[in-house]
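As structure tokens, the structure follows; a few thoughts come after it.
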Amino acid sequence: MKNIERIKSLLLAFLVFTTIYLVQQLWVEFPESLFSSFAFGQESNEIKESEISDFILPEKYVINFGGNSRAIMYFDDGYQLWNKGKEILKTVFQSKNIKLEEMTNSDFEEARKKRAIGFYFSNDMHTFIFGKMLDLDISPSIIDSIKQIDSIFIYLDSPLDNFIVLSNGTKYFKISGVSFDYKSVKDEIDAISRSDFTRVYTITDLLATSDNNNTYIPLTVNFNLSQIYVRKEIDTLSEIEENNIATLFFNRDLAYIRRIEESDGSVIYVDSQRTLKLYENGTLEFFRNIESNGENNNLYLSLKNAIDFGNTHMGWPIDTYLYKVDEIEFENNKGYKFTFKYKLDGLPVVSDEEQVLNSIEIEMFNNQVKSYRRHIWEAIGKVTLKSSYKSMLSAYDILDRNYSFMKAKFIEKNNIDIDLTSAEEIDEKFKLGINNAYLAYYDNSTEGNQVLKPVWIIEVAGLSYIFDAYDGYVENGGNPR
């Protein structure tokens, strides 16, 4: 069975190289690193042991230079903005003299004109967990006021008037009364202001809404992103690799572990307490029985133990971040499910989760690991567009090309009666429903591709759309957020 699969792999590799050669003649240039990686089987060095503070990463950065001049960044580009921002947050949260006040919408609108940097996260984070992950004891008054955070703003107008704002998307809380050194961040922002940065505007600015929609999107982009050639992290054609992984998870002589090869190419290892399954597509699933240890579920301890388990079981890809936390239940026991996603080349890797796992998921009960699922791509090269090829589209371009399609989906999802609602009212509601736009790499491996393509993710009123960043075509048709 294995020999047949190896022959198939050799034939597939021949077809891949033939395709690469033919496509190269049309529109792409390939770096030598891609071919050397295939030829010499280089091992990935993108796995590391991580500290808990490593798992908070912004999805994007918005920099206000003052007034209405703003830049958006989807990757850090070496400025270390988040690392420097974290130092400021530590200074503020550790202070005993903070002043906390809720801002009105008009107060926040006025503050948006000030010089500042905003960090936007992919999902709401528990404020308590956010503090613990940064090794901070956030005061109960802050946690009681804003239990979840989806964005943080650091204002840098004046040493006498610097403050931060925490937001959950609907409310804004100003923390002031603390003097902090922001020179290192200010220097980086000054450097960005002198660069060829990507300007950003609000939906209200671009689409003329009656009420404010301060979702930021770029009108144009002045850069192109490469496609990324990838390979599966786990090779099910190598029995040696499979056994090495099994040894890691069972921590005992495999002579006592039953091994099963299934007809679909997957391999199962099982004993009386644990099951490990390695799928042909590179997905790993691990389950084990756990006994009650008398411990109550603790969110932070469960998270810490989940990260420690990942550290000792294949490690974490570079730029892995905590995406979301779900409360779960199994046989009347309550627990937590932690979903971790990761970035390649500074951008998150996304997929249609109903069809393709593209993350690390860990279920915890009694602060112990009950299940562990993992599917990771390793980058092996880039596909660089030739200069004569078309430029990448902006988020505004995507909206403009797909406006009618997304509005129709919006009407359908919200059960809007078009006979009873005016076209102007529907249009306004749709524009106000646009709440996010960001760049990512898309995994479409259900079609057998080994290439991640750059895409725009546009989120509208609970639906998430994935669009090809070069031709603007929809990839997923709008899945629930």
Quick check: does any side chain N or O of [X] sit under 3.5 Å from a backbone N or O of [Y], one acting as donor and the other as acceptor?
X	Y	answer
Trp377	Leu452	no
Asn476	Ser464	yes
Ser359	Glu361	no
Asp400	Tyr396	no
Ser176	Phe163	no
Ser302	Met364	no
Asn402	Phe405	no
Asn64	Lys114	yes
His126	Ile149	no
Tyr372	His313	yes

Do you see a donor-acceptor pair shorter than 3.5 Å between the side chains of [X] and [Y]?
X	Y	answer
Thr104	Asp107	yes
Asp427	Tyr403	yes
Asn436	Lys60	yes
Asp205	Thr202	yes
Asp235	Ser238	no
Ser266	Glu262	yes
Asn214	Glu109	yes

When rounded to the nearest 0.5 angstrom, what distance separates CD1 in Ile234 from NE2 in His375?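 Spacing of CD1 (Ile234) from NE2 (His375) equals 8.5 Å.
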To the nearest 0.5 Å, what is the distance between NZ (Lys174) and CG (Leu166)? 13.0 Å
Has Lys132 got its NZ or CZ under 6.0 Å from the middle of the six-membered ring of Tyr300, at an angle within 45 degrees of the ring axis?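 Lys132 over Tyr300 ring: yes.
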So does [X] pair up with [Y], basic N to acidic O under 4.0 Å?
X	Y	value
Glu285	Lys277	no
Lys382	Asp345	yes
Lys337	Glu363	no
Lys186	Asp190	yes
Lys183	Asp187	yes
Lys453	Glu475	yes
Lys90	Glu87	yes
Arg374	Glu233	yes

Please identify which of these residues, Ile154, Ile117, Asn162, meets the side chain to side chain contact (heavy atoms under 4.5 Å, CB included) condition with Ile88.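 It is Ile154; the other options fail the test.
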Tightest non-hydrogen contact, residues Asn222 and Phe197, listed as ND2-O, 3.5 Å
Check Gly282 against Lys232 and note the closest heavy-atom contact, atom names and distance.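 The answer is N-CD, 3.7 Å.
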Check the angle between the aromatic planes of Tyr155 and Phe153 and answer parallel, tilted or perpendicular using the 30° and 60° thresholds. tilted
For the residue pair Phe340 and Phe338, does the interplanar ring angle fall in the parallel (under 30°), tilted (30 to 60°) or perpendicular (over 60°) class? tilted
All side-chain hydrogen bond (donor to acceptor under 3.5 Å, both in side chains) counterparts of Gln148, not counting sequence neighbours: none
Would you find more than 12 non-hydrogen atoms of other residues, nucleotides or ligands less than 6.0 Å from Glu327 atom CD? no
Check the pair Asn358, Asp443 against side chain to side chain donor-acceptor pair (under 3.5 Å), reporting the backbone distance first and the verdict last. CA-CA 8 Å; Asn358 213 325; Asp443 168 14; 2.7 Å; yes
Side chain proximity check, Leu206 to Leu219, heavy atoms < 4.5 angstrom: yes
Min side-chain heavy-atom separation Leu81-Ile63 under 4.5 Å: yes
Checking ring-ring contact (aromatic ring centres under 6.0 Å, His included) for the pair Tyr74/Trp456: CA distance, chi angles, key distance, verdict? CA-CA 11 Å; Tyr74 299 98; Trp456 280 104; 5.5 Å; yes
Between Phe121 and Trp82, ring centroids under 6.0 Å: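 That pair passes the under 6.0 Å test.
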So, do Phe55 and Tyr321 have ring centers that fall under 6.0 Å from each other? no
Would you please test Thr204 and Thr209 for side chain to side chain donor-acceptor pair (under 3.5 Å) and show each step? CA-CA 5 Å; Thr204 296; Thr209 60; 2.7 Å; yes
